[in-house]
Amino acid sequence: MEDFHEEKAFVVDEVNNVIKESIETTIQNAAYHHNKVGQWNSNIVEQCLKRLAGLNKPFKYIGGLCPGLHAASSCYWDSTTDGCTTYKYDSKTMYCIVNVFGLAVICHLRF
């Protein structure tokens, strides 16, 4: 039973690694350039969601980048399985802040 909950649990370190890799692959130490921000945002979110889906965990992922320095979010969930993380990447010219929520998808089969 414990393995079941471990498999269903939102693992922050695992998700943060996916976010970090997605940011680094997209930005590649580039300096801030206003015209590239929209494409960077799209690429980072798409890569994060694809990589998270590739983990084959039973979660519905919701991700996004913070467009400014102030943001707020809330969610009603099951604290034993669901979770969220915020990852901050910074360089000399910009910050990139990514939020990911993971909501467990649990099917209860009845026969």
Side-chain angles (χ1 to χ4, degrees):
M1 186 74 165
E2 193 171 306
D3 289 339
F4 173 79
H5 285 293
E6 286 179 18
E7 179 184 319
K8 304 280 189 238
F10 184 87
V11 181
V12 170
D13 290 340
E14 188 174 42
V15 176
N16 280 343
N17 286 335
V18 167
I19 297 169
K20 180 179 185 252
E21 291 170 6
S22 299
I23 292 170
E24 290 176 350
T25 300
T26 300
I27 295 177
Q28 299 177 351
N29 295 319
Y32 176 82
H33 194 284
H34 178 73
N35 294 336
K36 294 183 179 181
V37 171
Q39 188 60 48
W40 285 340
N41 286 349
S42 296
N43 289 350
I44 290 168
V45 171
E46 286 176 22
Q47 283 187 40
C48 283
L49 294 176
K50 283 180 186 175
R51 290 177 183 190
L52 289 168
L55 296 175
N56 294 317
K57 297 232 177 171
F59 284 94
K60 170 78 173 180
Y61 293 104
I62 303 163
L65 274 78
C66 293
L69 296 179
H70 299 281
S73 57
S74 66
C75 189
Y76 179 74
W77 64 42
D78 180 348
S79 62
T80 60
T81 55
D82 305 340
C84 69
T85 186
T86 299
Y87 183 86
K88 178 184 164 194
Y89 166 89
D90 58 354
S91 68
K92 292 180 181 180
T93 61
M94 70 180 131
Y95 292 114
C96 180
I97 302 168
V98 179
N99 296 309
V100 173
F101 292 88
L103 307 173
V105 178
I106 301 173
C107 296
H108 298 283
L109 300 175
R110 294 180 185 189
F111 296 96

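Smallest separation of non-hydrogen atoms from Ala104 and Phe59: N-CD2, 3.4 Å. When every heavy atom of Trp77 is checked against every heavy atom of Leu103, the shortest pair comes out as CE3-CD2, 3.9 Å. Closest of all the heavy-atom pairs between Ser22 and Cys48 is OG-N, 3.5 Å.
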Test Leu52 against Val100 for side chain to side chain contact (heavy atoms under 4.5 Å, CB included), laying out the working first.
-> CA-CA 10 Å; Leu52 289 168; Val100 173; 3.9 Å; yes

After noting the C-alpha distance and the side-chain angles of Thr85 and Phe10, does the key distance pass the side chain to side chain contact (heavy atoms under 4.5 Å, CB included) rule?
-> CA-CA 9 Å; Thr85 186; Phe10 184 87; 4.2 Å; yes

Start with the C-alpha distance between Tyr89 and Ile27, add both sets of side-chain angles, then the distance that settles side chain to side chain contact (heavy atoms under 4.5 Å, CB included), and finish with yes or no.
-> CA-CA 10 Å; Tyr89 166 89; Ile27 295 177; 4.2 Å; yes

Could you walk me through whether Ile44 and Cys96 pass side chain to side chain contact (heavy atoms under 4.5 Å, CB included), step by step?
-> CA-CA 10 Å; Ile44 290 168; Cys96 180; 3.9 Å; yes

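Each salt bridge (charged side-chain N to carboxylate O under 4.0 Å, His left out) pair with one or both residues in residues 20-29, not counting sequence neighbours, appears once here: Lys20-Glu24, Glu21-Arg51.
Put simply, NE2 on His34 and CE on Met94 are 13.5 Å apart, with the number rounded to the nearest 0.5 Å. Distance CD1/Ile23 to OG1/Thr26: 8.0 Å, rounded to 0.5 Å. In this structure, Lys60 NZ and Leu49 CG are separated by 9.0 Å, a value rounded to the nearest 0.5 Å. To the nearest 0.5 Å, atoms OG1 (Thr25) and CD (Gln47) are separated by 5.5 Å.
In the hydrophobic clustering of ILVMFWY residues, with side-chain heavy atoms under 4.5 Å counting as a link, Val18 and Ile62 come out apart. Residues Phe101 and Val45 do not share a hydrophobic cluster, clusters being chains of Ile/Leu/Val/Met/Phe/Trp/Tyr side chains in contact below 4.5 Å. Neither Leu55 nor Val105 shares a network with the other; the hydrophobic side chains, linked directly or stepwise wherever heavy atoms of I, L, V, M, F, W or Y lie under 4.5 Å apart, form separate groups for each.
Panel note: side chain Glu14, backbone Val11; no donor-acceptor pair is recorded below 3.5 Å. Side-chain atoms of Thr93 come within 3.5 Å of backbone atoms of Tyr32 as a donor-acceptor pair (strictly under, hydrogens ignored).
Within a 6.0 Å sphere centred on CG of Asn29, other residues, nucleotides and ligands contribute 12 heavy atoms or fewer.
Residues passing the side chain to side chain contact (heavy atoms under 4.5 Å, CB included) test with Asn35, sequence neighbours excluded: His33. Not counting sequence neighbours, Lys50 has no partner by the side chain to side chain contact (heavy atoms under 4.5 Å, CB included) test.
A heavy-atom distance below 4.5 Å is not found between the side chains of Ile97 and Leu65.
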